[in-house]
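Let me begin by presenting the structure, written as C-alpha cells, before commenting on it.
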Amino acid sequence: MTLEEKVINIVMEQLDVTKEECVLEASFIDDLGADSLDIVELLMEMEEEFGIEIADEELEKITTIKDVVDFLKQKGVK
Amino acid sequence: MKRRVVVTGLGALTPLGNSVDESWEGAIAGKSGIGPITKFDSSSYKTRIAGEVKKFDPLQYVNKQEVRRYDDFILYALAAAEMALADAKLTIGSEFSERTGVIIGSAIGGLATLEEEFKNLLNAGPRKISPFAVPAILANLASGHVSIRFGAKGPINCAVTACAAGTSAIGDAYRTITCGDAEVMITGGTEAAVTQLAVAGFGSMRALSVRNDEPQKASRPFDKDRDGFVIGEGCGIVILEELSFALNRGARIYAELAGYGCTSDAFHMAAPPPGHEGAARSMRAAIKDAGLNPADIDYINAHGTSTPLNDLYETQAIKSLFGEHAKKIMVSSTKSMTGHMLGGTGGAEAIFAVKALHEGIIPPTINLDNPGEECDLDYVPKVARRREISTAISNTFGFGGVNAVLLFKKYSETR
C-alpha cells in the first residue's frame with residue numbers, strides 16, 4: 001500500500017467519508033465536512049499510525065489530504 | 001388556570017430490553033435483567049454483578065464516528081429520544097422548534113470515558129487525549145446531542161441530582177411547560193456508569209449487593225435478606241406536551257403529568273433520615289400540585305433500591321403520609337428487575353408508572369420472599385397484577401438528600 005493509500009484509508013475511517021471523496025486536493029473542512037476537532041483527532045491518528053509528532057504550528061498548515069502526505073514525506077515516512 | 005401537561009411518547013433502553021415494549025414485557029413478566037458484569041474485569045471486586053444494557057447496536061441510531069466519540073450515556077439518550085419521538089409521531093417542525101426543549105438528567109455523565117482518558121493520560125501523556133474527551137464526559141451533553149439531532153431550540157438543561165436525576169429532569173421539564181416557556185419537552189434520564197470507579201466507589205460505601213452467586217436474586221427490595229442495590233444502566237425518555245398542543249395535532253395521550261414534588265432532607269450526603277420525612281413531604285407536594293388528596297393515590301412506583309435503609313424509611317414515609325390509606329396503595333419496585341440505573345432510573349420508572357396507568361397492569365416487586373421488619377405494605381410481590389388505576393406516583397431519591405416525585409394520572413378532558 002502506498003503512503004497516499006494509507007493516509008486516505010485513515011481519513012475515510014476517521015471522517016466517515018467515501019474513497020471517491022478523498023481526492024488528494026480535498027480540503028478537510030470545505031470538502032470533507034470536518035470541523036477543527038475532527039482535524040485534531042485525525043492528525044492524532046496519523047501520529048499514532050506513523051509514529052511521528054505534529055507540532056501545533058505545523059498542524060495549522062495542514063488543510064488537505066495532500067498536505068498530510070507531503071508532511072509525512074518530509075518527516076521521512078515512506 | 002395552570003397549563004396541563006400530557007405524556008405522548010415513550011422511549012427506553014433498560015437491562016430488560018432495548019425498547020419500551022421489551023422492557024415493559026420483561027417487567028410485567030417479572031424477569032430479572034441482572035447478570036455478571038461484562039463491561040470490565042470485575043474479578044477483584046466485592047460486587048461482580050450489574051444490570052447492563054445488552055446487545056445494544058448504536059449503529060441503528062448513529063454513525064460509526066458518533067459511536068467512537070460519544071460516551072454510552074449519550075448514545076442511549078439519542079436512541080431513546082428517537083424511539084420516543086417516533087412513538088409520539090412527532091417531527092419537530094420549524095414552526096415550533098423554538099418552543100421545544102430538552103432536559104435529560106444524568107447522575108455522573110461520561111464516567112467510562114473519563115476513566116479511559118485518564119488512564120490514557122497517565123500512560124501516554126497529555127498530547128494523547130482525544131479532543132472529544134471533554135464533550136463525551138459532560139453530563140449535559142445528552143441533552144445537547146438530542147437537541148442538535150432533532151432540532152429542538154427551546155429551553156435546554158440537565159439535572160445532575162444523583163439517583164433522582166431523571167425525575168428532577170422530568171419535573172423541571174413539566175414546569176417549563178406549565179410556566180409557558182415551551183409546548184414540547186424531550187425529557188428523562190440516562191446513565192452508563194457500570195464502570196470500575198462507580199462499582200468500586202459504591203462498593204466502598206457498602207451500598208451494593210454482594211450476592212454474586214445469584215445475580216437475578218440480588219435486587220430484592222423490601223425483602224428481609226436485601227443487602228444493597230444492584231447497579232444498573234439505561235435510559236428512559238418521555239415526550240411531554242402542553243395539552244392543547246397535543247390535542248391540536250391529534251396526539252395519542254398516555255397519561256397526564258399532573259404533579260411534581262421536590263424536597264431536600266438537609267440531613268446527610270448519602271443516607272436518608274429515619275422516617276424519611278423529606279420523601280413524605282415530596283410526595284405530599286406532588287399530590288397538592290395535582291390538586292388531589294393522599295386518598296386518591298392508587299399506585300406508587302417506589303424508589304425501592306434494595307438497601308436496608310431506603311426500603312424501611314421509604315415505607316415509613318408512605319405510612320406517615322397516607323395513614324390508613326397506605327395499606328390500600330400498591331407499592332412496587334421495578335428496580336427488583338432492572339437494578340438501579342442511577343440517573344436513568346427516573347426516566348425508566350416514569351415510563352413504568354405511565355404504562356401501569358395506561359395498560360392497567362401493575363409491575364411486581366420480584367424476589368420478595370419474606371418482607372423485612374416493618375415492611376408491611378402491599379408491594380405487589382413476585383407477580384404483576386391486573387388493575388385499573390387512576391393515579392400513579394414515581395418516587396426517586398438521590399445522594400445529597402434529593403427527593404423527587406412525579407404524579408401521573410389517567411387523562412380525562414376535565415381536570
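Proteins get letters first, then strands, A, B, ... in listed order; numbering begins at 1 in each.
When the shell of 6.0 Å around CZ of B:Phe118 is examined, it contains 12 or fewer heavy atoms from other residues, nucleotides or ligands. More than 12 heavy atoms of other residues, nucleotides or ligands lie within 6.0 Å of CD in A:Glu47, so this atom counts as buried by the packing criterion. For A:Glu48, the CD atom counts as loosely surrounded, since its 6.0 Å shell holds 12 or fewer non-hydrogen atoms of other residues, nucleotides or ligands. Residue-environment remark: NZ (B:Lys39) exceeds the threshold of 12 foreign heavy atoms within 6.0 Å. Within a 6.0 Å sphere centred on NZ of B:Lys119, other residues, nucleotides and ligands contribute more than 12 heavy atoms.
A donor-acceptor pair under 3.5 Å links the side-chain atoms of B:Arg68 to the main chain of A:Gln14, judged by distance alone.
Minimum heavy-atom separation, B:Pro131 to A:Met44: CD-SD, 3.7 Å. The two residues A:Leu15 and B:Gln65 have their closest heavy-atom pair at CA-NE2, 3.2 Å.
There is no contact between A:Ile39 and chain B, counting heavy-atom distances below 4.5 Å. Contact of B:Arg127 with chain A is made through backbone and side chain together, with heavy-atom distances under 4.5 Å.
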